[in-house]
Amino acid sequence: YDFMTIDEKQVEVDKIRTGIKQRCLFNDSACKEIEAKIEEVVRKAANGEYKKNTVDTAPLRNKYFFGEGYTYGSHMEARGPGMERLYPKEGEESVDPIPEWIHEMVVQPLLRAQLIPPDFINSAVINDYQPGGCIVSHIDPYHIFDRPIVTVSFFSSSALSFGCKFEFRPIRVSNPVLSVKLPRGGVTLISGFAADEITHCIRPQDTPHRRAVVILRR
Ligand code: AKG
């Protein structure tokens, strides 16, 4: 992107924007109720109440997989884009089902707002970020996830950045082609160019406070 002219960058930004939809659906009191439920998930995980693959802990970011689990990185012999695979639906490797409160408190309002078709969502992932937590640039694997990809933010606001390059040790992130705000209680849907043709990430500097996101996908 550093080699693009201003006009070329604008065309790129316009294409990304066509694939982003945002709505503020959850007010402060709805957020508080959902945040209490997220705390319950954290507690249950700490108590060892979930299946092994439901919980994925990392220093600044824990993940909780419900409905469908998948593996994409360090535990695999063959890694990299295209090599991600879903865990089986039954048995040792499977994850816990989507909790009822996610259906009632998070998915139902999306259905009422006609943002997703009925019965679309069969995967719910909670990412719980500590301050400075991040997700490196990636495209959600097409062979695993349909579009749109839906996220709802809790505890604090952040930003979703498109087209960043990451460097490590020390961590450095290039300026995004486009960055969109992710307000607490806000819903973000990505599809088309925004989901398929450009990477997205959460930069460490955009998570100054603890934040959780519920990612709803099929
Ligand atoms: C992912 O976990 O794949 C994300 O892109 C997370 C996005 C977010 O935290 O809003």
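Note that the coordinates shown come from a computational prediction; the quantities given were computed from them, not determined experimentally. Read the numbers this way: they start at 1 and go in the same order the structure lists the ligands and their atoms.
Below 4.0 Å from some heavy atom of Lys63 lie the following atoms of ligand 1, by number and element: 2 (O). Counting the atoms of ligand 1 from 1 in the order shown, those under 4.0 Å from a heavy atom of His200 are 5 (O). Close approach to Ile135 involves these atoms of ligand 1, each under 4.0 Å from a residue heavy atom: 2 (O).
Ranking the protein heavy atoms by distance from atom 6 (C) of ligand 1 puts Tyr129 OH, 3.4 Å first. In terms of protein heavy atoms, atom 2 (O) of ligand 1 is closest to Asn127 ND2, 2.9 Å. Looking at atom 3 (O) of ligand 1, its nearest protein heavy atom turns out to be His138 NE2, 2.9 Å. Nearest protein heavy-atom neighbour of atom 10 (O) of ligand 1: Arg211 NH2, 2.8 Å.
The two residues Gln22 and Thr188 come nearest to each other via the heavy atoms NE2-OG1, 2.8 Å.
Considering backbone and side-chain N/O atoms, Thr151 never comes within less than 3.5 Å of an N/O atom of ligand 1. The N/O atoms of Arg217, backbone and side chain alike, include none that comes under 3.5 Å of an N/O atom in ligand 1.
Residue Arg17 qualifies as open at atom CZ: its count of foreign heavy atoms under 6.0 Å is 12 or below.
Side-chain contact between Tyr87 and Ser94 is absent, with no heavy atoms from C-beta onward closer than 4.5 Å.
In terms of the ring-ring contact (aromatic ring centres under 6.0 Å, His included) criterion, residue partners of Tyr70 (sequence neighbours excluded) are, by chain and number, Phe65, Tyr72, Phe145.
Judged by the 6.0 Å distance and 45° axis criteria, Arg61 is not positioned over the aromatic ring of Tyr129.
The CD1 atom of Ile34 lies 9.5 Å from the CZ atom of Arg184; values are rounded to the nearest 0.5 Å.
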